[in-house]
Amino acid sequence: MRTPRLVATDLDGTLLRRDGSLSDRNLRALRTARDAGAEVVVVTARPPRYLDRLAESTGLTGTAVCSNGALVYDIATRTVTASRPLALPTARLVADRFAAELPEISFGIETGDRVLFEPSFLLRFSGDDEGASVVPSREALWSTGTHPITKLLAWSDRTEADALLATVERAAPGLAQYTHSGGRGLLEISATGVTKAGTLSLLCAERGLTAADVVAFGDMPNDLDILRWAGAGYAMANAHPAVLAAAPYRTLTHEEDGVGVVLEQLYGAVGAGSLGAGSFGTGEPGAGEEFTVTPVVTHVPTTPAARVTPVPRS
């Protein structure tokens with residue numbers, strides 16, 4: 001595999017640890033990739049406002065694909081550069097059909113700068129208290145005014161996300177793009193054809209890059225299309241079973257800095273930019289710290305005893 005020219009990484013359960021933090025090792029690895037000439041693109045289900053807070057704490061800059069591909073966001077300038085919203089009539093039709101099939105379901109609307117919930121939608125998202133509002137009723141959700149809908153959110157406290165996905169695909173087939181990112185009982189609904197891979201492929205085409213130039217990392221079903229599309233798609237060891245079964249490569253868990261481990265092997269354990277300030281923060285290594293490149297599983301093993309081998313390079 002040739003050295004990738006673009007690194008595409010999910011956030012939650014992938015680049016970030018369980019507590020939402022970006023480890024020093026992953027931060028250094030991102031900067032090493034950048035200093036080697038690769039572009040780093042965050043590809044996430046999260047809205048832009050979450051990226052703003054992450055950038056403030058880590059120095060992260062660059063381009064982000066947000067809301068499962070509905071938005072392209074310039075982190076440094078805090079500007080949405082492209083948008084593929086879900087039409088309001090479509091969102092309402094999907095909600096009506098979904099609720100007819102599963103009366104317990106509750107809905108919310110993500111607009112990119114805020115999220116609105118009907119009163120029965122009790123799930124809340126970490127680090128997003130300021131952007132969340134409860135509206136008086138479900139009917140009020142459809143009065144978003146000039147705010148585009150980047151995602152329709154569907155939540156149940158009794159039904160798991162995989163079962164919700166099967167239900168909505170039966171109730172409203174082909175009306176929208178349905179996926180989930182591991183939230184308990186949470187389904188994410190976008191405009192038809194809006195996916196992480198679709199939006200990233202457009203970004204790559206603008207840069208003269210192809211799938212073969214991309215290494216990608218993810219852990220949930222909403223990442224699967226991008227892991228299959230990229231020249232090298234890595235599932236985290238903590239990934240959803242469907243992702244582990246289908247992704248061509250694997251790395252360690254997000255708690256073990258699986259993204260950083262692969263990037264160290266691709267671009268070097270310590271790059272020229274990892275010892276000074278830069279666009280990914282300082283992340284200074286401690287005195288005398290050494291870096292060991294941990295082997296990762298490159299191809300999905302056929303048996304539990306499959307040999308662990310380093311990532312291929314050329």
So, [X] and [Y], do they make that salt bridge, N to O below 4.0 Å?
| X | Y | value |
| --- | --- | --- |
| Glu188 | Lys196 | no |
| Asp52 | Arg78 | yes |
| Arg184 | Glu160 | yes |
| Arg25 | Glu264 | yes |

Has [X] got a side-chain atom pairing as donor or acceptor with [Y]'s backbone, closer than 3.5 angstrom?
| X | Y | answer |
| --- | --- | --- |
| Glu255 | Arg18 | yes |
| Gln265 | Val262 | no |
| Ser201 | Ala197 | yes |
| Arg5 | Val214 | no |

Does some side-chain heavy atom of [Y] sit less than 4.5 Å from a side-chain heavy atom of [X]?
| X | Y | value |
| --- | --- | --- |
| Phe98 | Leu187 | yes |
| Leu51 | Cys66 | yes |
| Thr63 | Val40 | no |
| Asp213 | Pro4 | no |
| Tyr267 | Val7 | yes |
| Arg250 | Leu244 | yes |
| Leu263 | Thr32 | no |

Can [Y] be reached from [X] by stepping across I, L, V, M, F, W or Y side chains whose heavy atoms are under 4.5 Å apart?
| X | Y | value |
| --- | --- | --- |
| Leu175 | Val194 | no |
| Val168 | Met220 | no |
| Leu93 | Ile109 | yes |

ask   = Step by step, would you call Ser67 with Glu110 a side-chain hydrogen bond (donor to acceptor under 3.5 Å, both in side chains)?
value = CA-CA 8 Å; Ser67 300; Glu110 172 63 60; 5.4 Å; no
Minimum heavy-atom separation for [X] and [Y], please, with both atom names.
| X | Y | result |
| --- | --- | --- |
| Met236 | Val259 | CE-N, 3.9 Å |
| Gly185 | Leu164 | O-CD1, 3.1 Å |
| Cys204 | Leu6 | SG-CD1, 4.1 Å |
| Val94 | Ala176 | CG2-CB, 4.3 Å |

ask   = Given the rule in the side chain to side chain contact (heavy atoms under 4.5 Å, CB included) test, do Thr179 and Leu165 qualify, once you have shown the distances and angles that lead to the verdict?
value = CA-CA 7 Å; Thr179 190; Leu165 182 59; 5.6 Å; no
ask   = Does the pair Arg34 and Glu39 meet the rule for a side chain to side chain contact (heavy atoms under 4.5 Å, CB included), with working shown?
value = CA-CA 6 Å; Arg34 176 212 65 193; Glu39 181 177 2; over 6 Å; no
ask   = Does His254 have any ring-ring contact (aromatic ring centres under 6.0 Å, His included) partners at least two apart in sequence or in another chain, and if so, which?
value = none
key: Identified side chain to side chain contact (heavy atoms under 4.5 Å, CB included) counterpart of Thr150 within the set Leu71, Val80, Val115, Asp113   = Leu71
inquiry  = Out of the candidates Leu116, Thr90, Leu88, Ile189, only one should pair with Ile149 under the side chain to side chain contact (heavy atoms under 4.5 Å, CB included) rule; please name it.
reply    = Leu88
What's the spacing between [X] [atom1] and [Y] [atom2] if we round to 0.5 Å?
| X | Y | atom1 | atom2 | result |
| --- | --- | --- | --- | --- |
| Asn68 | Thr44 | CG | OG1 | 7.5 Å |
| Leu152 | Ser190 | CG | OG | 9.0 Å |
| Leu15 | Ser23 | CG | OG | 7.5 Å |
| Leu11 | Leu22 | CG | CG | 9.0 Å |
| Thr192 | Leu86 | OG1 | CG | 8.0 Å |
| Ile105 | Ser156 | CD1 | OG | 5.0 Å |

[X]: side chain to side chain contact (heavy atoms under 4.5 Å, CB included) partners, not counting sequence neighbours:
| X | answer |
| --- | --- |
| Arg92 | Asp96, Glu139, Trp142 |
| Thr199 | Val65, Val72, Arg84 |
| Arg228 | Leu224, Ala246 |
| Glu118 | Ser106, Phe107, Ser120, Phe121, Arg138, Leu141 |

Which residue pairs pass the ring-ring contact (aromatic ring centres under 6.0 Å, His included) test when at least one of the two sits in [range], sequence neighbours left out?
| range | value |
| --- | --- |
| residues 202-233 | Phe217-Tyr234 |
| residues 189-215 | none |
| residues 58-78 | none |
| residues 168-199 | His180-His240 |

query = Any side-chain donor paired with an acceptor under 3.5 Å for Asp225 and Thr195?
reply = yes
Side-chain donor-acceptor contact under 3.5 Å, Thr79 with Asp74 = no
task = Report the C-alpha separation of Leu16 and Asn26 in whole Å, then their side-chain angles, then the decisive distance to 0.1 Å, and conclude whether the side chain to side chain contact (heavy atoms under 4.5 Å, CB included) test is met.
result = CA-CA 9 Å; Leu16 305 182; Asn26 277 346; over 6 Å; no
request  = Let me see the working for Leu122 and Asp157 under side chain to side chain contact (heavy atoms under 4.5 Å, CB included), right down to the final yes or no.
outcome  = CA-CA 9 Å; Leu122 303 180; Asp157 63 352; 5.8 Å; no
message = Tell me if the CZ atom of Arg207 is crowded by more than 12 foreign heavy atoms within 6.0 Å.
response = yes
request  = Quick one: which residue pairs count as a salt bridge (charged side-chain N to carboxylate O under 4.0 Å, His left out) with a foot in residues 171-181, not counting sequence neighbours?
outcome  = none
key: For Thr9, all residues meeting side chain to side chain donor-acceptor pair (under 3.5 Å), sequence neighbours excluded   = none
task = Among residues two or more places apart or on two chains, list those pairs meeting side-chain hydrogen bond (donor to acceptor under 3.5 Å, both in side chains) that have a residue in residues 164-175.
result = Glu101-Arg170
